[in-house]
Amino acid sequence: MERFTEAVIHVIKNIPPGKVMSYGQIAKFAGSPRGARQVVRILHSMSGKYNLPWHRVINSKGEIGIQDEELFFTQKSLLEDEGVQFKGKNKIDMEEYRYHPDEDVYF
């Protein structure tokens, strides 16, 4: 497994309940600031295998980016169950809910 992939998995696994990170933020902490699309790929292909809290990853606007209606509501429900409140149908206050991991912990 590539180092970046390992780092992405590590970052996602450590997002605490009730907090979120954006794809780009995860890529930055994993060592590739422009690797947001790769984070999407890793999340999609490895969430089940590594039991990743995929629902805690959203886009940089604070929105759920999933287009599939069922998955959208699943992600929203999982976040709400952790205490995340939405503004309107799809928006999260990133100032309040963004997780800021300790940079020294990551690669």
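Side chains included, hydrogens not; waters and symmetry mates left out as well; all remaining heavy atoms used. Numbers for residues simply follow the sequence, beginning at 1.
At least one donor-acceptor pair under 3.5 Å links the side chain of Gln75 to the backbone N or O of Val57. Distance alone, capped at 3.5 Å, places no donor-acceptor pair between the Arg56 side chain and the Lys19 backbone. A distance-only check finds a donor-acceptor pair linking the side chain of Gln67 to the backbone of Gly65 [under 3.5 Å]. Between the side chain of Lys91 and the main chain of Lys61, a donor-acceptor pair closer than 3.5 Å is present. Under the 3.5 Å distance criterion, the side-chain polar atoms of Glu80 are left unmatched by any main-chain donor or acceptor of Phe86.
Here Ile92 contributes atom CD1 and Leu79 contributes atom CG; the two are 5.0 Å apart, rounded to the nearest 0.5 Å. Atoms CD1 and CZ, from Ile66 and Phe72 in turn, are 9.0 Å apart once rounded to the nearest 0.5 Å. Considering CG of Leu78 and CZ of Phe73, their distance stands at 13.5 Å, rounded to 0.5 Å. The CG atom of Leu43 sits 6.5 Å away from atom CG of Leu52, with the distance rounded to the nearest 0.5 Å. In this structure, OG in Ser47 is found 10.5 Å from CD1 in Ile42, a value given to the nearest 0.5 Å. The line from CD of Glu82 to CD1 of Ile15 is 10.0 Å long, rounded to the nearest 0.5 Å.
Nearest heavy-atom pair across Gly35 and Ala27 is C-CB, 3.5 Å. Residues Val84 and Gly18 share a closest heavy-atom pair of CG2-O, 3.7 Å. In plain terms, the two heavy atoms of Phe4 and Val39 that are nearest each other are CZ-CG2, 4.1 Å. Minimum heavy-atom separation, Gln38 to Arg34: OE1-O, 4.2 Å. Nearest approach of Ile64 to Asn90, heavy atoms of both residues: N-OD1, 2.9 Å.
In this structure the side chain of Phe29 never reaches within 4.5 angstrom of the side chain of His10, judged on heavy atoms. Residues Met94 and Val20 meet the side-chain proximity criterion, which asks for heavy atoms closer than 4.5 Å. Using a 4.5 Å heavy-atom cutoff, the side chains of Lys87 and Asp93 are in contact. You'll find the side chain of Tyr97 reaches within 4.5 Å of the side chain of Gln85, heavy atoms only. Between Asn59 and Ser22 there is no side-chain heavy-atom pair separated by less than 4.5 Å.
With a 6.0 Å cutoff to the six-membered ring centre and a 45° limit on the axis angle, Lys13 does not count as a cation-pi contact of Tyr50. With a 6.0 Å cutoff to the six-membered ring centre and a 45° limit on the axis angle, Lys28 does not count as a cation-pi contact of Tyr23.
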Apply side-chain contact (heavy atoms from CB on, under 4.5 Å) to Thr74 and His55, showing your working.
CA-CA 8 Å; Thr74 298; His55 61 284; over 6 Å; no

Take Ile9 and Met46 through the test side-chain contact (heavy atoms from CB on, under 4.5 Å) and record every step on the way to the result.
CA-CA 8 Å; Ile9 290 168; Met46 298 189 174; 3.7 Å; yes

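Annotation for His44: atom NE2 does not count as buried by contact number, only 12 or fewer foreign heavy atoms lying within 6.0 Å.
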